[in-house]
Amino acid sequence: MTAAQKAIAGRAGSLPGTPPALDMQGVGKAFDGKPALEDAAFTLEWGEVHAIVGENGAGKSTLMNVATGVYAADSGHQAINGAAIAPRNPTEATAGGLGMVHQHFRLVESFTVAENVLLGLGKKSRVRSVSEAAALVMAKSAEIGLPVDPHRVIADLSIADRQRAEIVKVLLLGARILVLDEPTAVLTDEEARALLDFVRRLARQGNAVVLITHKFREVAAFCDRITIMRHGKTVLSGAQVEGISEEEVARLIVGETLATGGRPASRHGAVRLSIKALSLPARAHGQGLHALDLDLREAEVLGIAGVGGNGQEELVACLGGLQRPASGQIILGGRDILTATPQERRHAGLRVIPSDRFATGMIRELSIADNMALTSVSEGAFGGPLYLRRDRMRKRAETMIDAFDIRGATPERSAALLSGGNAQKVLLSRELDPGMKVLVAHSPSRGLDMKATHFVRTAIRQAVENGAACLLISEDLQEVLSLSHRVAVMNRGTIVGCRAADDVTPEWIGALLAGHA
Amino acid sequence: MLDAAFLVRRQQPGLLLSALSYTGGLAFGLAVSAMLLVQAGVPASALVDEFLVAAFLTSDGLSQTVTAALPLILVGLASAVATRVRFWNIGVEGQLWLGAVAATWVALHEIGPESMRLPLAFVLAALAGSGWIAISLVLKQRWGVNEVISSLLLGSVAFLLVQHLLFGIWRDPANSFPVTAAFPPASRFSALGWGQLHAGLFVAALIALAVWFLLERTRAGFYADAVGLNRQAALATGLPVRRTLAGLVLLSGALSGLAGMVIVSGTEHRLNQAVGNGYLFSAIVIAYLARAKPFWVVVVALALGAVFTAGNVLKVFYGVSEGMIVLVQGTVLISILMAQFFSTYSLNRPS
Ligand SMILES: Nc1ncnc2c1ncn2[C@@H]1O[C@H](COP(=O)(O)OP(=O)(O)O)[C@@H](O)[C@H]1O
Ligand SMILES: [Mg+2]
C-alpha cells in the first residue's frame with residue numbers, strides 16, 4: 001500500500017477537519033520555455049464535483065496532467081488527502097487514488113474492456129485472467145450504476161461506451177478522485193446528462209470529481225464549486241457555483257464581456273443551393289442518405305439539428321465532393337454539381353468547414369501560411385506553375401493572422417501547434433473569401449471555448465448578412481437556434497421536418513428526434 | 001530507472017541540437033565499427049587512413065567516392081520524390097535495369113547520329129524507367145493494387161529480362177561471362193581526367209538541382225507535400241491529387257532509369273548482371289536519412305559513396321570479408337537513425 005492509499009483508507013468523509021482530496025499550490029510548468037501554468041492553485045474536497053473552466057489553451061489539461069504525473073511540474077506543491085505526493089507517472093497517480101480520463105482515451109482498440117483493465121492492473125495485481133478482470137468490471141459497473149459490457153472490443157464501441165469503459169477502468173485501478181477532461185464535448189445532450197448524473201452520484205458516495213468543461217449549463221446544474229483558469233493562472237479558485245452568474249463566469253474566462261449576438265438580418269433571397277432526392281447507400285460504419293431534399297436561400301442560415309451519426313458526415317461529404325451519391329441532384333447556381341470535382345464546386349462558390357478540421361480541412365504538418373494558401377495556389381494567387389512566391393504567401397498569412405487575431409501564429413509555424421480555436425480561425429480566414437456564395441459549416445464551434453465560439457458565430461453572421469447562404473449542421477441545439485432562420489431536423493439519413501426558427505419548440509424537435517430508435 | 005523516464009516529442013528541434021545528435025550518432029557508429037574492424041584483424045593505426053584519408057582526402061579516393069555517388073544521388077532522389085507523395089517505390093532496381101537496357105540498346109545498335117547517342121539514351125532511359133513504374137501506378141490507381149508488392153515483383157521481372165538479353169541476343173561472343181560488348185565511344189560519358197570520374201557528374205548535378213527546384217520552389221512541389229501529408233484534405237481543398245501523384249511517381253521511375261544509364265554509360269561501358277545490385281537498399285536508406293529533401297539526398301549519397309569506397313579498400317588490402325563490410329555499414333546507419341530519433345524526442349525524467 002502506498003502512502004496515499006493508506007491516507008485514503010483512513011478517510012472519514014467530508015467532515016470538517018478532513019484534509020482536501022487534492023491540494024495544489026503555486027504550480028508552474030513551461031513547455032519549451034513558454035509558460036503553460038503560472039502559480040496555479042487548486043483545491044478539491046471530498047464529496048464534491050469541481051468544475052474547471054477556461055478558454056482553449058488556458059492550461060486546464062496541463063494542470064490535471066501535472067496532478068496525475070503525466071508531466072512533472074517545474075514548481076509547486078501537491079498533496080493527495082493531506083499527504084504530500086507528486087506522482088511520477090499516471091500509474092503511480094492512479095495507485096495513489098487519482099485517476100484521469102483524457103480527451104483522447106487511453107484504451108487499446110483491439111482489446112476488450114476486460115483485457116484493457118487487465119493490462120492496466122499490471123504485474124503487481126493479483127488478478128491474472130481475463131475472466132477475473134471481467135468479473136471485476138461487472139461488479140464495479142453494477143456498484144456504480146454505469147453500464148459496461150466487459151467482453152466488447154473497444155473498436156466496436158460508441159464514444160459514450162468507450163468513455164464509460166475508461167471510467168470503470170480508472171476506478172478499478174484504484175482511483176477515488178476522478179478527473180474528466182472535457183468528457184461531454186464528444187457526447188450528445190442525452191449521453192452527457194447521463195454521465196453527469198453518474199458523476200454527481202459518484203461524488204456523493206464520498207469520492208471526488210474534477211470536471212473540465214466549456215459549458216456553463218453543465219457547471220450550473222451538476223457542479224458544486226468552480227475554478228476558472230486564464231492564461232495558465234487560476235483567476236477564480238473554488239468558488240461556490242450557487243450565486244455566480246453566467247455573465248460573471250464568461251467575464252472571468254475571457255477577461256472581458258461578450259455581447260451575445262442574434263440571428264443575422266435576412267433578406268429572403270433566391271434559392272442558392274437545392275438538394276433533391278439525394279441518396280447514398282449505407283456502409284458498414286455509417287448511415288446512408290435517403291431521398292434527402294432541401295433548399296437554401298441567399299442571405300439565409302438553414303440550421304440542421306439532430307443527433308450525430310444520422311447522416312450529417314455523409315451529407316457534408318457529398319456536398320463537398322468527397323463522396324459520390326448514388327442518385328439525386330445538387331443544384332448550385334443553376335447547375336447540377338452532383339458529379340463535379342471539389343475544385344469545380346469551389347469555383348461555383350461552395351465552401352465547406354468540416355467538423356474534423358485536421359481530417360479534411362487542414363494539413364497538420366504544413367505551416368500556417370501553407371494551409372491558408374491551399375485553395376488559392378492553383379488559381380495563381382502566388383505566382384505561376386513554375387515558381388511559387390512563398391514571400392507572397394507569407395505576406396498574405398501575416399495579413400490574415402492580424403485580421404483574424406490568430407494567437408500564437410506565425411506564418412512559418414506548423415498548424416499542428418495551434419489550439420482548436422486558432423486552428424478554426426485559420427480555416428475560416430481561408431474559406432470566408434470573397435468568392436464564397438454557399439457555406440456548409442459542420443459543428444463549426446465544436447470543442448472551442450466561449451471566445452472562439454463567439455468569433456466563429458460572428459464571422460458566419462457577417463458572411464450571411466453580406467448575402468451568403470449558410471447550411472449550418474450542428475449537434476449543438478443552442479448553436480442552431482442562435483443562428484438559423486429556418487431549422488430542419490435530420491434523422492436516419494433524411495430531413496424529417498423543417499420550419500421557421502420562430503416556430504420551433506422543444507416539443508417539435510423532441511418529437512422528430514424521438515423517431516430515432 | 002528507465003520506467004520513471006519518458007519520451008516527449010520536441011515541438012521543433014533546434015538546428016544545433018540536430019547537428020549535435022547527428023554528429024554524436026555518426027561518431028558512435030564509427031567507434032563501434034572501428035572496434036569491429038580491429039577485431040577482424042585490421043590494424044588500428046590503418047583505420048583512420050582508410051576511412052577518412054582514403055575516402056575523402058586523397059585525390060584517388062575522392063574521385064572514387066564521387067563516381068560511386070552519382071547513381072546513388074539519382075536513386076536517392078527517385079526514392080525521395082516518391083516518398084513525398086507517399087508512394088512506396090520498392091522497384092527502384094527494376095526501373096534502373098530498364099533504364100540500363102534502354103541505354104544499352106542505343107549503344108549496341110548504334111541508333112541515330114553519333115552526337116545524339118547520349119541524349120537519345122538519356123531520354124529513352126528516363127522513359128523506360130517511368131514506363132516500368134507506370135505499371136505499378138496504373139495497377140494502384142485503377143484497382144488499388146499495393147505498389148509495394150507490384151513494384152518489388154516488377155523489379156524481379158526486369159532482372160529476368162536483363163538475364164534473358166545477356167544470355168541471348170546481347171551476349172558478347174568474345175567474352176566467357178554473360179555481358180554485352182563494350183559500348184562504342186559515342187555512347188560513353190567522356191572522362192574528366194580525374195580517376196574514373198566522367199561527364200555523368202554534370203548530368204547528376206543538373207538533375208539534382210532541377211529536382212530540388214521542383215520540390216521546394218514550384219507549385220507541383222507544394223501540391224506534392226499536401227497530397228503526401230493528407231490526401232483527403234488535398235482532395236477537399238481542390239488540389240489536382242491524381243495528377244500530382246502520377247507526375248511525381250513517373251518522375252521517380254525516370255530518375256531510377258537515368259541511374260541505370262549513368263552506370264552503363266559512365267563506368268561499366270557495358271551491361272552486365274551486377275550493375276543494378278544493391279541500389280534499392282541504398283535508395284531507401286538515402287531518402288530516409290535525408291528525410292526526402294533533395295539537398296540532403298546529395299549529401300547522404302556522397303557519404304554513402306565514401307563508405308563504399310572505404311569498404312572496397314578494406315576488402316582489397318586487408319582481406320576483410322564482404323559480410324564484415326555490410327556489418328560496418330549497417331552499424332553506422334543504425335547509429336545515425338538512432339540519433340535522428342533522439343533529435344525529435346527528448347528523454348524526460350520527472351524530478
Ligand atoms: N505537450 C505540450 N508541449 C508543448 N506545449 C503544450 C503541451 N501541452 C500543452 N501545451 C501548451 O500549454 C498551454 C495550455 O494547454 P492545455 O493545458 O492543453 O489547455 P486547455 O486544456 O486549457 O485547453 C497551451 O498553450 C498549449 O499549447
Ligand atoms: Mg484541454
Side-chain angles (χ1 to χ4, degrees), chain A residues 31-32 34 69-75 86-92 316-317 320-322 341-347 352 354 356-367 370-371 373-380 382-390 393 412-414 416-417 430-431, chain B residues 1-17 83-86 209-244 247-248 291-293 344-351:
Chain A
F31 292 105
D32 299 335
K34 216 183 105 228
V70 174
Y71 300 136
D74 300 334
S75 59
R88 286 181 302 168
N89 56 50
T91 317
E92 263 185 40
V316 174
L322 292 177
T341 63
Q343 195 172 17
E344 289 163 347
R345 292 168 199 238
R346 211 157 247 293
H347 284 306
V352 179
D356 188 347
R357 286 180 282 281
F358 285 115
T360 56
M362 294 172 65
I363 299 178
R364 214 183 274 280
E365 298 85 349
L366 287 184
S367 71
D370 286 359
N371 271 292
L374 272 180
T375 54
S376 43
V377 163
S378 61
E379 260 114 64
F382 304 103
L386 291 184
Y387 191 74
L388 192 64
R389 298 291 303 267
R390 293 216 173 247
M393 281 168 63
E412 290 79 18
R413 272 201 119 190
S414 139
L417 300 177
R430 189 184 77 204
E431 297 299 314
Chain B
M1 269 262 291
L2 209 64
D3 63 12
F6 44 92
L7 292 164
V8 178
R9 199 182 168 89
R10 297 181 205 274
Q11 295 216 327
Q12 267 157 343
L15 205 62
L16 181 68
L17 184 74
T83 302
R84 280 282 179 109
V85 286
R86 299 294 186 275
L209 195 66
V211 170
W212 168 81
F213 189 81
L214 177 83
L215 290 184
E216 310 294 353
R217 291 287 179 272
T218 69
R219 206 188 263 185
F222 180 81
Y223 291 164
D225 285 341
V227 169
L229 291 168
N230 184 343
R231 209 186 140 116
Q232 278 295 314
L235 262 180
T237 47
L239 303 189
V241 173
R242 284 176 82 90
R243 244 188 308 139
T244 305
L248 276 116
R291 299 193 171 181
K293 298 269 185 210
T344 14
Y345 290 88
S346 66
L347 200 57
N348 268 27
R349 196 166 303 147
S351 43

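A note on names: the letters A, B, ... follow the listed sequences, proteins ahead of strands, and every chain is numbered from 1. Computed from a predicted model, the values in this text were never measured in an experiment.
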Whether over 12 other heavy atoms sit under 6.0 Å from Arg242(B) CZ: no

statement: OG1 (Thr237(B)) and CD (Glu431(A)) are apart, to the nearest 0.5 Å, by 8.5 Å

query: Leu322(A) and Leu235(B): which non-hydrogen atoms are nearest, and at how many Å?
result: CD2-CB, 3.8 Å

query: Taking the side chain as C-beta and beyond, is there a heavy-atom pair between Asn230(B) and Phe358(A) under 4.5 Å?
result: no

statement: Closest non-hydrogen atoms of Glu216(B) and Arg390(A), given as atom of the first, atom of the second and distance, are O-NE, 3.9 Å

query: What option among Gly384(A), Gly383(A), Pro354(A), Ser378(A) has the most heavy-atom pairs under 4.5 Å with chain B?
result: Ser378(A)

- prompt: Which heavy atom of Pro342(A) sits nearest a heavy atom of Ala236(B), and at what distance?
  reply: CB-O, 4.0 Å

message: What part of Arg430(A) gets within 4.5 angstrom of chain B, counting heavy atoms only: side chain, backbone, both, or neither?
response: side chain

field: From Phe222(B) atom CZ to Leu366(A) atom CG, the distance as rounded to the nearest 0.5 Å
entry: 6.5 Å

task: Calculate, to the nearest 0.5 Å, the distance between atoms CD and CD1 belonging to Gln232(B) and Ile363(A) respectively.
output: 11.0 Å

statement: Gly361(A) and Ala233(B) have their tightest heavy-atom pair at N-CB, 4.4 Å

task: Could you look at Asn371(A) and say if it's the side chain, the backbone, both or neither that has a heavy atom under 4.5 Å from chain B?
output: neither

task: With a 4.5 angstrom heavy-atom cut-off, could you sort out which part of Leu374(A) is near chain B: side chain, backbone, both or neither?
output: both

task: Pick whichever of Gly321(A), Ala317(A), Pro385(A) has the most heavy-atom pairs under 4.5 Å with chain B.
output: Pro385(A)

query: Side chain, backbone, both or neither: which part of Leu239(B) has a heavy atom under 4.5 Å from chain A?
result: side chain

